[in-house]
Engineer: 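One structure, as structure tokens, below. Some questions next.
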Amino acid sequence: MFKNFYIVGGGTDAGGIVITVGSDGKIIIKRIPGWNPEALLDVSRALQVIGKAASIKEKGLAESIIGSVMPMLQKQLGEHAKEGGVVLVG
């Protein structure tokens, strides 16, 4: 099933678009509000941390690092991608 696809301009609060498919099968494109540039930068950094930490082999260390950034990441994505889907930051 097609999920929402969010496209957010990087480093700006100008907003973006969300692409989804309606119940009739037609593609719907809607504008979405901007994202605080500092918060968006933190999201980008948190995703980088997760990517790097995932390769740590020391037992429990990767989980600890990832667990420390997940609350902020979940909060930000929950506020801006409420309906779920894929978020692309450009």
Side-chain angles (χ1 to χ4, degrees):
M1 169 124 293
F2 184 85
K3 298 279 186 184
N4 294 327
F5 189 78
Y6 298 85
I7 301 174
V8 181
T12 177
D13 59 358
I17 61 172
V18 60
I19 303 169
T20 191
V21 176
S23 60
D24 59 359
K26 293 184 181 179
I27 295 176
I28 301 167
I29 300 173
K30 296 187 291 187
R31 305 265 324 138
I32 55 174
W35 198 320
N36 176 312
E38 291 82 17
L40 187 58
L41 187 55
D42 281 348
V43 166
S44 176
R45 289 175 178 152
L47 292 171
Q48 291 173 15
V49 166
I50 290 171
K52 296 290 184 184
S55 65
I56 296 174
K57 302 296 182 206
E58 181 72 27
K59 183 177 173 134
L61 185 55
E63 292 82 1
S64 177
I65 293 169
I66 293 169
S68 69
V69 297
M70 283 304 293
M72 180 279 300
L73 195 54
Q74 289 170 326
K75 177 182 180 282
Q76 286 295 320
L77 292 176
E79 289 177 7
H80 295 281
K82 294 180 176 122
E83 299 169 14
V86 176
V87 177
L88 174 66
V89 179

Engineer: Go through the structure and list residues passing side chain to side chain contact (heavy atoms under 4.5 Å, CB included) with Val86, not counting sequence neighbours.
Structural biologist: Phe5

Engineer: Can you name the one residue among Ile7, Asn4, Ile28 that meets side chain to side chain contact (heavy atoms under 4.5 Å, CB included) with Ile19?
Structural biologist: Ile7

Engineer: Strictly by ring-ring contact (aromatic ring centres under 6.0 Å, His included), give each pair with a member in residues 39-82 just once, sequence neighbours left out.
Structural biologist: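 Residue pairs passing ring-ring contact (aromatic ring centres under 6.0 Å, His included), neighbours aside: Trp35-His80.
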
Engineer: I'd like a table of donor-acceptor pairs (distance under 3.5 Å, sequence neighbours excluded) in which one partner is a side-chain atom from residues 39-47, with atom names and distances.
Structural biologist:
none

Engineer: Using side chain to side chain donor-acceptor pair (under 3.5 Å) as the criterion, list what pairs up with Lys75, not counting sequence neighbours.
Structural biologist: Glu79

Engineer: Not counting sequence neighbours, list each pair that qualifies as a salt bridge (charged side-chain N to carboxylate O under 4.0 Å, His left out) and has a residue in residues 51-73.
Structural biologist: none

Engineer: How far apart are the closest heavy atoms of Ala53 and Ala62, and which atoms are they?
Structural biologist: O-CB, 3.1 Å

